[in-house]
Amino acid sequence: MKKNIHVVGAVIWRDGKILCAQRGATKTLAYKWEFPGGKIERGESPEEALIREIQEEMNCDIDVGEQVEHTVHEYEFGFVHLTTFHCELVKDNWILTEHIDIKWLEPKDLHTLDWAPADIPAIQKLQSLHSLQ
């Protein structure tokens, strides 16, 4: 039986662009792009987990806003339950500890990267929302 893994992702905005992070070679889903974040630990709210993960992975502080999307995706290793949130940088002091690259892209350009499958529904929703503006 596959395990259920509950994770959160930050859709971090700056100047109309969204932060995209590339996974390293030694990670599951190597070189795929994702919204940064990670696992929710026991006793944490999704928002608390996201604040902690962004501090650990990037040495940045964020404010967590509204939910963007919730997706369940089946991988070989289990079911990933990904909840993404709109976020704003409070303090950026970039030190990448989990990722090998970052890019800032407008919502219309997100599809140009090779994304982790669980992130794709959030990308589609962001592109749809921003094409209406």
Mind checking the NE2-CG spacing from H111 to L126? Nearest 0.5 Å is all I need. 14.0 Å
For E88, enumerate each residue passing the side chain to side chain donor-acceptor pair (under 3.5 Å) test, keeping only those at least two apart in sequence or located in another chain. none
Any salt bridge linking E48 with R52? Criterion: basic side-chain nitrogen under 4.0 Å from a carboxylate oxygen. no
Identify each donor-acceptor pair in which a side-chain atom of residues 18-25 lies under 3.5 Å from a protein atom, sequence neighbours left out, and give them as a table.
from, atom 1, to, atom 2, distance (Å)
Q22, NE2, Y31, O, 3.1
R23, NE, T28, O, 2.6
R23, NH1, E34, OE1, 2.9
R23, NH1, E34, OE2, 3.3
R23, NH2, T28, O, 2.9

Using a 4.5 Å cut-off on heavy atoms from C-beta on, say whether the side chain of K2 contacts that of F77. no
Are I5 and L29 in one and the same hydrophobic cluster, where Ile, Leu, Val, Met, Phe, Trp and Tyr link if side-chain heavy atoms are under 4.5 Å apart? yes
Check whether Y75 reaches the backbone of A118 with its side chain - one donor and one acceptor, N or O, closer than 3.5 Å. yes
State yes or no: do F35 and L96 share one hydrophobic cluster built from I, L, V, M, F, W and Y residues joined by side-chain heavy-atom distances below 4.5 Å, directly or via other members? no
Do L50 and L82 land in one hydrophobic cluster if side-chain heavy atoms of ILVMFWY residues count as linked below 4.5 Å? no
Can you confirm whether or not the ring centre of H81 sits under 6.0 Å from the ring centre of F79? no
When rounded to the nearest 0.5 angstrom, what is the spacing between CH2 in W115 and CD1 in I120? 9.5 Å
Find the distance between NZ (K103) and CG (L113) and round it off to the nearest 0.5 Å. 5.5 Å
State the CE-CD1 distance between M58 and I95, to the nearest 0.5 angstrom. 12.0 Å
Heavy-atom side-chain contact between V8 and F85 under 4.5 Å: yes
Please determine whether a side-chain nitrogen of the Lys or Arg among K39 and E53 lies less than 4.0 Å from a carboxylate oxygen of the Asp or Glu. no
Quick one: does W94's side chain get under 4.5 Å of C60's, heavy atoms only? yes
What pairs with R14 under side chain to side chain donor-acceptor pair (under 3.5 Å), at least two apart in sequence or on another chain? none
Considering all heavy atoms, the nearest P36-E57 contact: CB-OE1, 3.9 Å
Straight-line distance of S45 OG to I40 CD1, nearest 0.5 Å: 8.0 Å
Atom CD of E106 and atom CG of D15: how far apart are they, to the nearest 0.5 Å? 10.5 Å
Partners of D114 by side chain to side chain contact (heavy atoms under 4.5 Å, CB included), sequence neighbours excluded? K32
Between G37 and I54, which heavy-atom pair has the shortest distance, and what is it? N-CD1, 4.1 Å
Ignoring hydrogens, what is the shortest heavy-atom contact between G16 and P107? Give both atom names and the distance. O-CD, 3.6 Å
Keeping W33 on the side-chain end and D119 on the backbone end, is there a donor-acceptor pair under 3.5 Å? no
Atom pairs and distances, side-chain donor-acceptor, residues 62-72, under 3.5 Å, sequence neighbours left out:
from, atom 1, to, atom 2, distance (Å)
H70, ND1, T83, OG1, 2.7

Sequence-distant partners of N93, side chain to side chain contact (heavy atoms under 4.5 Å, CB included), two or more places apart: N59, K91
Do D61 and L89 pass the side chain to side chain contact (heavy atoms under 4.5 Å, CB included) test, and can you show the C-alpha distance, the side-chain angles, and the key distance before you say yes or no? CA-CA 6 Å; D61 295 331; L89 280 176; over 6 Å; no
